[in-house]
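Throughout, protein chains are lettered first and strands after them, A, B, ... in sequence-line order, and every chain is numbered starting at 1.
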Amino acid sequence: MTEVTPEGGAERYDVAAVQEKWLPIWDELAPFKSGQPGDTRPKKYVLDMFPYPSGDLHMGHAEAYAIGDIPARYWMLKGYDVLHPIGWDAFGLPAENAAIKRGADPAAWTYENIATQKASMRRYACSFDWDRVLNTCDPEYYHWNQWIFLQMFERGLAYRKPSNVNWCPNCQTVLANEQVVGGLCERCDTAVTKKKLTQWYFRITDYADRLLDDMEQLEGQWPDKVLTMQRNWIGRSTGAEVNFVVEGRDEPITVYTTRPDTLFGATFFVVAADSDLAAELAADASPQVQEAFDAYLEEVKTTADIDRLATDRPKTGVFLNRFAINPVNDERLPIYAAEYVLSDYGTGAIMAVPAHDQRDLDFARAFDLPVRVVVATDLDDPATSGVATPGDGLLINSGSLDGLNKADAIAKIIAELAGNGRGKAAKNYRLRDWLISRQRYWGTPIPIIHCPDCGMVPVPVDQLPVKLPSSQGLDLSPKGTSPLGGATDWLNVSCPSCGKDAQRDTDTMDTFVDSSWYFLRFLSPRRDDVAFDVEQAKHWLPVDQYVGGVTHAILHLLYARFFNKVLFDLGLVPVVEPFARLLNQGMVQMDGSAMSKSRGNLVRLSDELEKHGVDAIRLTMIFAGPPEDDVDWADVSPSGSAKFLARAWRLSGEVTSAVGVDFAAGDLTLRRVTHRVLNDVDVAISTSRFNVAVARTMELVNAIRKAVDSGCGAADPAVREAVEATAIMLSMFAPYTAEDMWERLGHQPCVALTSFPTVDPALLIQDSVICVVQISGKVRERLEVSPSITADELKELVLSNEAVQKALDGAQIKTVIVREPKLVNIVPSA
RNA sequence: GCCCGAGUGGCGGAAUUGGCAGACGCAGCGGACUUAAAAUCCGCGGCCGAAAGGCGUUGCGGGUUCGAGUCCCGCCUCGGGCACCA
């Protein structure tokens, strides 16, 4: 594997041979088993977001897993028992689509891809504990999806309701709010429409406050961006609910408002056009109103969501010829139905205050409704300017509120409304309950049986898992109802409660259910009696470092946090937040844009690995920049990485001192570099500045080359110390090279199981430092001084320096700033 | 429209609390070795200058400071998130 050139020059580093050599040895040694009995080391749990088996691994995987491997290997070197698992997020539409397109069995297609990815993943040499692998499409896994579902069902956290849901006409299935991106289906970019359907939901809104408030714990540990996105998504607002009596209706209508202080400024009332309330109000009015309303509703319904997104859309609506009574002044407010009020936010009805809300003002101007200012500002009158004044000011035209500012008025009016039973303080959320049922085949069956007599009956837990029927003979093509409905033998069962003929629920769960708790299953993946071992959870949680793409900033991370809280309430997990630290790696691009076949800028990972080797690709990904930044493959140099690795590797063959030689006797200059680099790498890794860690390691390699060629020589113990340190540090980025170096240095495998060398603080202290002398902030001179020099000594030394005197040119000195030992700034008087 | 984040050489990027801007690498240029090339090793790399030396410089304009890539104010550009949420 090592060849010596004919002239006896530099050895050639045979990348392919080194990879082929170590792979079977590592398989044999299985160095990364975690949680072995009797292991007393402290724990760390490093988690990479698991892949979806869509084909072979791609460049994005290469970056993500190279990054995730660093903290795992770092903590191993630092003496921790590290849990670093991997598995496959294996349910989902692509398997089904492949089945429809090519007639493949979704299960066979999925397991084939998993086998391919698994083989690639092994070659990629991440420090995974291969004993813990799981696939979410295994019945042994989704069994526990069903179990958790039933726990939630029992507690009212899983429920079915009819609602206007997001519908993707292409995927022919419903979508959660989180899966609609800008009015388009997250998966296929088809414009999403609405459909009235009865669907399964998880009551995530029950946890809205905790999901929001517990983020305080994550401050500084998660990217701010992700925290902000989650906060916006939950969208908590505070205000009041106010009851309006409606003429000709027994029950008052409640509205939600964040501005109860502007109640005296309400001049009309609006209900969501697509709400039941609007339909009822129209029906109880005249036939003419009913007709106008029906026509309007039809128009609204045919407008796709994507068109409703335009903010400058003109306001439309229809007058219902009904009136609501303002509880604070008994004024009659005309009621309109309009699409700009949403049926699923608040109560689907609003009081309209056109002077202080732009949307209400736009509507008032379109329908020629009065505008009454109740908050005095120094801005133009909204009635004439067309610009609402939403800001603070003193209340006017508002009875008992006159003269108060916004905050005081809100407090006072809420107290008054609460006193006479006409309203109360209230909170509202943008977050909606999580729609989890899907009308597709390749997912977890919902463990519910529908009985004509007993209604919804949970499948008894001892009969779990409800296994998916074979896809053989099923029509998997999207048709708006679940393919499982066609599996007659599977579908028809007897009711667990009364024994009569009944049918299974035919929907399957959103695959985000699978990934919401996989980090728990990794703790005891082979247990067949529980979802996960509670004692193991106590030991391993929380996840110390979670690594994954920012694409999951809302969806997966919100859902997983929700699941964790539910399981916390069940007493099964010990922590409120599952992921203590989060790192979002960037994406891999080519020529400034995301790689894709259609763009023709796809770089195949397998080609790159073939050309440059695993280590060079990993190193390139890491060295390209900070882990959270995107990597443009056009800007980086895998061959440069390969060159560096070969340079480091060659050094391991040049060391002539023996294993165990006393480093203390080594060359001081090189030893100082070694220890400074070890120290810097340590700090850089623990602050996730992996690219800097690589740069420092390169500096060490350069220093060793110099020491061997023109310094202390290859036999000096300091050279062995430095090359060993290089191998150990490289094991985090380039495991094959590091392992081979380690062996050439005379050690047994595995370098990953050694420990990070201890930094000698004495070697971090220089025996002289360069002091910069500035005059008015400009560098004029550099002096070599002792690091322990005092301020007075330094000042005197500098001022008596000939070059400094010359530069000063006799100028009067105003002040001298001394920052010993590195800087002196002389300020001459002007 | 609202809310974040970022602008540093030809390129990717580095720079504790404000203290030598450009670490490390890529591409480029020059040299050594070689019959030659590859590989390897060494050096250069903002501008003027042969050199000594001088000048300039972190998107733009101001400010604070002995001193600003870093802090404050106002712009410009790019990227991301949200988008009728009452």
Side-chain angles (χ1 to χ4, degrees), chain A residues 5 7 9-12 181-183 223-233 235-237 239 255-259 262 270 272 308-313 315 338-342 344-353 356-360 362-363 390 428-432 550 553-554 619-620 623-626 628-632 634-641 643-644 646-647 650 680 683-684 687 689 691-699 701-702 705-706 709-710 770-782 814-819 822-828:
Chain A
T5 54
E7 314 85 57
E11 288 176 290
R12 193 172 69 86
V181 179
D224 287 344
K225 189 179 156 185
V226 174
L227 294 176
T228 307
M229 283 168 72
Q230 293 222 353
R231 286 195 179 103
N232 290 342
W233 191 260
R236 180 165 68 195
S237 74
V255 304
Y256 172 75
T257 176
T258 55
R259 293 297 302 275
T262 62
V270 189
R308 297 184 61 170
L309 286 176
T311 31
D312 48 1
R313 229 175 123 68
K315 291 285 181 284
E339 67 161 356
Y340 87 91
V341 170
L342 307 176
D344 59 351
Y345 182 78
T347 61
I350 63 154
M351 64 171 205
V353 184
H356 307 297
D357 182 287
Q358 190 61 46
R359 297 154 301 179
D360 295 346
D362 292 343
F363 192 87
N428 237 309
Y429 305 89
R430 219 187 70 109
L431 181 71
R432 308 291 148 83
V550 75
I554 297 175
L619 192 77
T620 301
F623 186 54
E628 54 277 357
D629 287 7
D630 292 342
V631 175
D632 196 319
D635 292 337
V636 297
S637 171
S639 58
S641 299
K643 208 169 94 179
F644 163 71
R647 195 167 141 92
R650 276 195 302 273
D680 289 358
V683 172
T687 52
R689 286 150 52 245
N691 54 327
V692 180
V694 174
R696 293 290 167 271
T697 309
M698 288 173 168
E699 284 182 48
V701 168
N702 291 344
R705 179 79 269 152
K706 195 169 235 168
D709 291 349
S710 55
I770 301 296
C771 175
V772 174
V773 182
Q774 299 179 335
I775 294 174
S776 296
K778 291 189 175 183
V779 181
R780 294 296 178 204
E781 184 62 6
R782 290 163 221 268
K814 194 168 127 198
T815 31
V816 179
I817 313 282
V818 182
R819 293 284 178 274
K822 286 169 80 173
L823 182 133
V824 174
N825 189 10
I826 303 168
V827 187

Determine the contact category for A:Asn702: base if any of its heavy atoms lies under 4.0 Å from a base atom, sugar-phosphate if only primed atoms, P, OP1 or OP2 are that close, otherwise nothing. sugar-phosphate
Take the protein atom CZ of A:Arg12 and the nucleotide atom P of B:rA39, then report the distance between them rounded to whole Å. 13 Å
If you check every side-chain atom of A:Tyr256, which of B:rC55, B:rC41, B:rA86 has the closest atom? B:rA86
Below the 4.0 Å mark, does B:rC42 have OP1 or OP2 next to a side-chain nitrogen or oxygen of A:Arg705? no
Close N/O contacts between protein and nucleotides 18-22 of chain B (under 3.5 Å):
residue : atom : partner  : partner atom : Å
B:rG19  : O6   : A:Arg819 : NE           : 3.2
B:rG19  : O6   : A:Arg819 : NH2          : 3.2
B:rG19  : N2   : A:Gln774 : OE1          : 3.3
B:rG19  : N2   : A:Asn825 : ND2          : 3.4
B:rC20  : O2   : A:Arg782 : NH1          : 2.0

Students often get this wrong, so: under 4.0 angstrom with heavy atoms, is A:Thr815 touching a base, only sugar-phosphate, or nothing? nothing
Where does B:rG49 fall, syn or anti, if syn means a chi angle no more than 90° from 0? anti
When the C1' atoms of B:rA21 and B:rU70 are considered, how many whole Å apart are they? 11 Å
Looking for any heavy atom pair under 4.0 Å, which part of the strands does A:Arg432 touch: base, sugar-phosphate only, or nothing? base
Select base, sugar-phosphate, or nothing to describe what A:Ser237 touches, counting heavy atoms under 4.0 Å on all strands. sugar-phosphate
Pairwise C1' distance, B:rA23 and B:rG13 [rounded to whole Å]: 10 Å
Could you walk me through whether A:Ile817 and A:Gln774 satisfy the side chain to side chain contact (heavy atoms under 4.5 Å, CB included) test, starting with their C-alpha distance in whole Å, then the side-chain angles of each, then the deciding distance to 0.1 Å, before giving a yes or no? CA-CA 9 Å; A:Ile817 313 282; A:Gln774 299 179 335; over 6 Å; no
B:rU16 versus B:rG22 - spacing of their P atoms, nearest Å: 13 Å
Give a yes/no on whether any side-chain N or O of A:Lys778 is located under 4.0 angstrom from OP1 or OP2 of B:rC55. no
Roughly how far apart, to the nearest Å, are B:rG12 and B:rG79 at atom P? 15 Å
The residue, A:Met229 or A:Ser641, whose nearest nucleotide of RNA chain B is more 5′ is A:Ser641
With pairs taken as Watson-Crick or G-U wobble and both distances under 3.5 angstrom, which stems of at least three consecutive pairs involve RNA chain B? B:1-7 with B:76-82, B:10-12 with B:24-26, B:28-32 with B:40-44, B:46-48 with B:53-55, B:59-63 with B:71-75
Evaluate the side chain to side chain contact (heavy atoms under 4.5 Å, CB included) criterion for residues A:Asp362 and A:Tyr340: first the C-alpha distance (whole Å), next the side-chain angles of each, then the deciding distance (0.1 Å), finally the verdict. CA-CA 11 Å; A:Asp362 292 343; A:Tyr340 87 91; over 6 Å; no
Is there a side-chain polar atom (N or O) of A:Tyr340 under 4.0 Å from OP1 or OP2 of B:rA86? no
Please enumerate all protein N or O atoms sitting under 3.5 Å from an N or O of nucleotides 5-15 of chain B, with distances to 0.1 Å.
residue : atom : partner  : partner atom : Å
B:rG12  : O2'  : A:Ala624 : O            : 2.5
B:rG13  : O3'  : A:Asn691 : ND2          : 3.4
B:rA14  : OP1  : A:Asn691 : ND2          : 3.2
B:rA15  : OP1  : A:Arg689 : NE           : 3.3
B:rA15  : OP1  : A:Arg689 : NH2          : 2.7

Taking atom P in both B:rC29 and B:rC20, what distance in whole Å separates the two? 33 Å
Rounded C1' spacing from B:rG54 to B:rG62 in Å: 29 Å
For the P atoms, the ones on B:rU58 and on B:rC71, what distance do you get once it is rounded to whole angstrom? 15 Å
A:Leu342 has a side chain; which of B:rA86, B:rU40, B:rC41 sits nearest to it? B:rA86
Of B:rA86, B:rC41, B:rC66, the nucleotide closest to the side chain of A:Arg650 is B:rC41
